[in-house]
Number of protein chains: 2
Amino acid sequence: MPTPDRTSLADIVAAARQILESEGLPGLTMQAVAQRVGVRAPSLYKRVRNRDDLIRLVTEATVHDLGEQLTVAGSGDPGRDLAELAHAFRAFAHAQPAGYHLIFTSGPADTRPSLDILTRATAPALRLAAELAGPEHALSAARMFTAWANGFISMELAGAFNLGGDLDEAFAFGIDRLTAALTTLDPPRPSFDTGRTPGTTPPRHGRQPRPAE
Amino acid sequence: MPTPDRTSLADIVAAARQILESEGLPGLTMQAVAQRVGVRAPSLYKRVRNRDDLIRLVTEATVHDLGEQLTVAGSGDPGRDLAELAHAFRAFAHAQPAGYHLIFTSGPADTRPSLDILTRATAPALRLAAELAGPEHALSAARMFTAWANGFISMELAGAFNLGGDLDEAFAFGIDRLTAALTTLDPPRPSFDTGRTPGTTPPRHGRQPRPAE
DNA sequence: ACCTGAACACCGTTCAAGT
DNA sequence: ACCTGAACACCGTTCAAGT
C-alpha cells in the first residue's frame, strides 16, 4: 500500500543548494541533505543516483537561475547592455558564491551540467557580442567577455586578488576596456547606432577589421 | 635510537602532485599518498598537519612552478611579451590541469596558498601591464589580463566552451584585443617604443586617458 | 625520532525487511 | 512504492606501543 511521499526531488535539490552555500561542497553530504528534508540518507537514492548526480542537479539548477538573471533588457545600446550583463553576472556570483563556483569548476564528469543548459545561459552574451563585434567575431568576442567576467569573479571569490586596490574599480575598468576592444572591430553599423546615450561607450575609431590570426 | 627516515616532506608533496594529476582531487587521499611514498597513512602526520595542509603545500608548489614558467624574457615589446606570457600561462595549465585548477579555485581556507607566493607569481603580469597601460592603470590592467587568461583557461579545462569553433583562435583573438585595449590607454611613452616589430601590436590612437570611474 | 596497528568517527552506498 | 536499520567499504585522524 503506497504511503504519501515524505519528500521530493525538488525538495532535495533545494536543501542541497542551501547546504552548499552555508557549509561548502565538503559539507554537502547525503546525510546532511537527508536530515534537512526529513528522511534518512538511503531514501535519497530513490530520487538521485548518487552524490555526484545530486551535485550535477544542483549545478544545473544554478545554471538555470543564472540564465534567468542574465536576461538583460536590450536597450538598443550594446555597450550599456554588456555592462549590465557583467554586473548581473557578478551580482549572481556574490549572492550564491558556492553555486556559482560549481558551474565553472572542473570536476568529475558526472557532476558537470548538460551542455545545452549551459548554452542557454550564455546566449545573452553571445547575442550582445554579435551586436558589438559583428557576426564574424561574435563567438570569439563572447568568449572573451565570458572568460574575463568569469575569471574576474572567480579570482575575486577565491581571494586571488591580493594587491589591495578597489575591485569595483578594476571591474568597471574591465567593462570599459572590453567594450572598447570589441567595439572597434568593425566600422559602425548604423542599424545598431540608434538610441545611444552619449558618453556611456567609448567612441568608435572606424579601424579596418584585423585578421583573426 | 633514531632510524633513518623512510620518506620526506618533498617526497610526500611530489607524490601528492602526481596523484592529483592522475586521479583528481577526490583521489588524493592520505592512504594513496602514503602507499606511493612507502609508508602507512598515519606516518604522514609527522610531516603534514592534515589533508588540507597537504593540499595547500601542493598548491603552493604549483604556484611556485607557475611563477617560474611565467618569467618572460622582456623583449622590449610589451605587446609581444604579453602574448608570450599568455601562452606560457595556458601551456602550464594544459601540462598540469588539476594543479592549475587548485590555484584559482576557492576552497577551505587551510588549502589556500599564502598571499605572497601568489603575488610573486603574478609579478610579471603586473610589470607588463605597467609597461602597456602606464603606471596609473597598471593594477587594473594586470587584473584584466589575469582575469581573462585565467577565465579562458578555466573554462577551457572545465569544458564550458561548448559551441564548437577553434579555441586557439579565440585565445589569439583575446590576446590581440586585450593588447589593443590596454595599449590605447595612454599617449605613446617614447621610452617603451623602441624595438617594436611592426604589426605585432595595434597602433596607438593617442586618446586621452579616460576616468577610471 | 619515526613508524605502525588498532581504534574511532564519519561518509557513500547497498539491500533485505518493514509499512 | 517508499522508507528504514543494518551492514560494508572507505577515509581522515589519533594514539599507545613498538623499533
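Residue numbers begin at 1 in each chain, while the letters A, B, ... track the order of the sequences.
Remark: B/Arg36 engages no residue in a salt bridge (charged side-chain N to carboxylate O under 4.0 Å, His left out) (not counting sequence neighbours). Partners of B/His87 according to the ring-ring contact (aromatic ring centres under 6.0 Å, His included) rule, which considers only residues two or more places apart in sequence or in another chain, are B/Phe171. Listed by chain and residue number, B/Tyr45, B/Asp52, B/Asp53 satisfy the side chain to side chain contact (heavy atoms under 4.5 Å, CB included) test with B/Asn50 (two or more places apart in sequence, or in another chain). With sequence neighbours left out, B/Arg40 forms a salt bridge (charged side-chain N to carboxylate O under 4.0 Å, His left out) with no residue at all. Here A/Phe92 pairs with nothing under the ring-ring contact (aromatic ring centres under 6.0 Å, His included) rule; sequence neighbours left out.
Between A/Phe161 and A/Phe152, the ring planes are tilted. Angles from 30° to 60° get that label.
Judged as a salt bridge (Lys or Arg N to Asp or Glu O under 4.0 Å), not a single pair has a partner in residues 93-103 of chain A (not counting sequence neighbours). For the salt bridge (Lys or Arg N to Asp or Glu O under 4.0 Å) condition, the pairs that include at least one residue of residues 4-18 of chain B, sequence neighbours left out, are B/Asp5-B/Arg47, B/Arg17-B/Asp65. Within the structure, salt bridge (Lys or Arg N to Asp or Glu O under 4.0 Å) pairs that include any residue of residues 137-165 of chain A comprise A/Arg90-A/Glu156 (at least two apart or interchain). Annotation: salt bridge (Lys or Arg N to Asp or Glu O under 4.0 Å) contacts involving residues 102-118 of chain B, sequence neighbours excluded, comprise B/Asp116-B/Arg120.
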Report summary line: Reading nucleotides 12-17 of chain C from 5' to 3' and marking B where a protein heavy atom lies under 4.0 Å of the base, S where only the sugar-phosphate is that close, and - otherwise, the string is SBBB--
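For residues 6-25 of chain B, proximity to DNA chain C is found at B/Arg6, B/Thr7, defined as any non-hydrogen atom under 4.0 angstrom from a strand atom.
Helical stems of DNA chain D (runs of at least 3 Watson-Crick or G-U pairs, donor-acceptor distances under 3.5 Å) are listed by first residue: C:4-8 with D:12-16, C:12-16 with D:4-8.
Put simply, NZ on B/Lys46 is 9 Å from P on C/dC3, counting in whole angstrom units.
Within the structure, a side-chain polar atom (N or O) of B/Ser43 is placed less than 4.0 Å from OP1 or OP2 of C/dT4.
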